Every structure is written in C-alpha cells, then in structure tokens.
Amino acid sequence: MDRKIRCGLASATLLAVLALATGNDAAAAGDPRRGAQVFQACMACHSVKPGEHLTGPSLAHAWSRRAGTEKTFLRYSDALKSIDIVWNEATLEKWLSDPAQLVPGTSMTFPGLKESKDRQDVIAYLRAVSEGKAPSAEPRRGGMMMQSRKADLKKAPPAGQVVSISYCGDTYTVRTADGKVNKVWEFNLRFKTDSSKEGPLPGKPIIVGAGMQGDRASVVFAAPAEIGSVIKQACQ
C-alpha cells in the first residue's frame, strides 16, 4: 500500500511539474499578432518583404540564419559580419534587449526593447514572417504610422518632378513640372539616389519634402552620375 501511495505521489508530482513547465512555455511564447504591432517601431529601418532593404536588411528570412549573411545587403558592420551567431529565440532576445552589448561595434543604434513582453512578441512575429504566417498589423492610432515601403517615385505628381536645379550663393533653386519655384538653403537640401524599382526614371529626378517645419527637402536621382549634370551654377 505504501508503495502504491508513493508511486501515486510521484506521478502526481511529475504531472504537476510537467503542467508547470508547459504553463511557463506558454507564458514565454510570444504573441505574433501583438508583435506585428510592436514591430511598427522598426519599420523605418527594416522591411519584412524579401529582398527589400532599407537602412537595415530585410528580415523576411532572418530566422535560423547566421547574422550578417544576407547576400544582397551591403551595409553590415564588420562586427556583425564577423560574429558567429544564428538568429533564434535566445539570440534575438539578447539582440532586441541591447544590440550593442551582444555585438560590440554594431552600427545599429537602436537602444533595444526594454519590456520582455515586447521582445517575446516581436520574436514570435519574426518567426511567423519567416514561416510565411505573419499576421498583418493594424495602423496605430494617434501620430504617424511608419511606412515599411518607399513611395514609387516614378509616379510622383508634377509638384515632385524636377525640371531644373540651379545654385547661387547658399541657395538652390528647384523648378518643378507644376511651374513652381522652390528656393532652399543649401544646408537643408539633400541629394540622394534610389536605384530600386521604386526609384525615379533616369534623368527624371524627384523632390520630396522633409523636416517637421517643412523647410527641408531631398532631390532623388536614379544614379550618382546624374547629380552633377543636373545642377547648374546660375544667379538670376
């Protein structure tokens, strides 16, 4: 009888331990749907569309991949390329907590997600992305939602189509296809290139506004060689 009682107690204890472990695993597992919402803070720098690189690489197939090995992304830091880690629950937990601590010398300036729940949910979301099961994120209410995709500059309206750019003193004069003239302080005008399929047509630069005060702008070209050929020194 004693033996039966002892066996019964042992079985009950084992079941309790297993139930506790299962409960802990469930608690630790992230929520990919909530993770999609949290990930919106990352969308200014990362896309989850295959092959679409922004400031950082596409995270479409990051799961179970060695860090710094996306072949079509050319902006990895030497620190990330040289470290031998594979992206999974454990490594992403450390990375999302403090990238610079996990990879000293990384060029990623993101300070990390301080809430454990946020990290677990983003990890679950990135795994779902790699498995082709990613839930869609609803736009955040209040404030601007960060866009993961760039605008298609080939479809820019006349107000964005640059006709000519002249330079005099400290001022650029940008004329657009709608007949308007934009005078911009040289320090507030940036010249960029976009060779992607969403970039401007060759020889057809596009101007886009920037800055909270509306006093800054960027002129986007299809290739670097166009920049010098378009800008003319002229004072009128």
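For clarity, every value in this text was computed on a predicted model and none was experimentally measured. Note: hydrogens, waters and symmetry copies are ignored here, and every other heavy atom, side chains too, is used.
- For the pair His53 and Thr72, the minimum side-chain heavy-atom distance is below 4.5 Å.
- When every heavy atom of Ile85 is checked against every heavy atom of Leu102, the shortest pair comes out as CD1-CD2, 3.9 Å.
- A salt bridge links Glu70 with Arg65: the closest approach of a Lys/Arg side-chain nitrogen to an acidic carboxylate oxygen falls below 4.0 angstrom.
- Side chains of Ile206 and Val219 form no contact here, defined as non-hydrogen atoms less than 4.5 Å apart.
- Both Val230 and Phe191 belong to a common hydrophobic cluster when Ile, Leu, Val, Met, Phe, Trp and Tyr are linked at side-chain heavy-atom distances under 4.5 angstrom.
- The 12-atom threshold is not exceeded at NZ of Lys180, counting heavy atoms of other residues, nucleotides or ligands nearer than 6.0 Å.
- The aromatic rings of Phe39 and Tyr125 are tilted relative to each other, their planes meeting at an angle between 30° and 60°.
- What you find for Lys117 and Asp31 is that their closest heavy atoms are NZ-CB, 4.2 Å.
- For the residue pair Lys232/Ser166, the side-chain donor-acceptor check at 3.5 Å is not satisfied.
- No donor-acceptor contact under 3.5 angstrom links the side chains of Thr91 and Glu93, judged on distance only.
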Query raised in the report: Hey, mind stepping through Arg127 and Glu89 against side chain to side chain contact (heavy atoms under 4.5 Å, CB included) and telling me if it holds?
Result: CA-CA 9 Å; Arg127 182 167 191 171; Glu89 289 97 337; 2.8 Å; yes

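- Below 30°, between 30° and 60°, or above 60°: for Phe73 and Tyr76 the angle between ring planes is above 60°, a perpendicular geometry.
- Under 4.0 Å is where a charged nitrogen must lie from a carboxylate oxygen, and between Asp98 and Lys94 no such pair does.
- Closest approach of Asn88 to Trp63, counting heavy atoms only: C-CH2, 3.9 Å.
- Side-chain heavy atoms closer than 4.5 Å link hydrophobic residues (I, L, V, M, F, W, Y) into clusters, and following such links, possibly through other members, connects Phe110 to Leu92.
- Contact detail for Ala234 and Cys168: the closest heavy-atom pair is O-CB, 3.4 Å.
- Taking the side chain as every heavy atom from C-beta outward, Arg66 and Asp84 approach each other to under 4.5 Å.
- For the atom pair CD (Glu52) and CD (Glu198), the distance works out to 6.0 Å, reported to the nearest 0.5 Å.
- Across all their heavy atoms, Ser47 and Leu54 have their closest contact at N-CD1, 4.0 Å.
- How far CG of Asp194 is from OG of Ser218: 11.5 Å, rounded to the nearest 0.5 Å.
- With sequence neighbours excluded, no residue forms a ring pair (Phe, Tyr, Trp, His ring centres under 6.0 Å) with Phe221.
- Cluster annotation: Val174 is not connected to Val163 through the hydrophobic network of ILVMFWY side chains, with a link wherever side-chain heavy atoms come within less than 4.5 Å.
- Thr176 has its side chain within reach of Ile207: a pair of non-hydrogen atoms, C-beta onward, lies under 4.5 Å apart.
- Residues Ser58 and His46 bring no donor and acceptor atom of their side chains to less than 3.5 Å of each other.
- In Glu186, the CD atom is crowded: over 12 heavy atoms of neighbouring residues, nucleotides or ligands sit closer than 6.0 Å.
- Using modelled atom types, one side-chain atom of Lys154 and one backbone atom of Lys197 make a donor-acceptor pair closer than 3.5 Å.
- The line from SG of Cys42 to CG of Leu126 is 8.0 Å long, rounded to the nearest 0.5 Å.
- Counting heavy atoms from C-beta on, the side chains of Pro200 and Pro205 never come closer than 4.5 Å.
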Report task. Could you give me the CA-CA distance, side-chain angles and deciding distance for Thr171 and Lys183, then say whether side-chain hydrogen bond (donor to acceptor under 3.5 Å, both in side chains) is met? Result -> CA-CA 7 Å; Thr171 302; Lys183 292 186 178 293; over 6 Å; no

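- Atom CD of Glu115 sits in a sparse spot, with 12 or fewer heavy atoms from other residues, nucleotides or ligands closer than 6.0 Å.
- Side chains of Val38 and Leu113 form a contact here, defined as non-hydrogen atoms less than 4.5 Å apart.
- Salt bridge present: Arg34 and Asp118 bring a charged side-chain N and a carboxylate O closer than 4.0 Å.
- Taking the six-membered ring where the residue is Trp, the centroids of Phe187 and Tyr172 are separated by 6.0 Å or more.
- Considering only heavy atoms from C-beta on, Ile123 comes within 4.5 Å of Leu96 through its side chain.
- Hydrophobic clustering (ILVMFWY, side-chain heavy atoms < 4.5 Å, transitive): Ile227 and Tyr167 are in one cluster.
- Summarising the local packing, NZ of Lys133 is surrounded by 12 or fewer heavy atoms from other residues, nucleotides or ligands at distances under 6.0 Å.
- With hydrogens and angles disregarded, a donor-acceptor distance shorter than 3.5 Å links the side chain of Ser82 to the backbone of Ala79.
- Counting all heavy atoms, side chain and backbone alike, Leu59 lies closest to Ser130 at O-OG, 4.5 Å.
- In this structure, OG on Ser97 lies 6.0 Å from NZ on Lys114, to the nearest 0.5 angstrom.
- Considering only heavy atoms from C-beta on, Thr173 stays 4.5 Å or farther from Val184 through its side chain.
- Rounded to the nearest 0.5 angstrom, Ile165 CD1 and Leu189 CG are separated by 7.0 Å.
- More than 12 heavy atoms of other shown residues, nucleotides or ligands fall within 6.0 angstrom of atom CG in Asn188.
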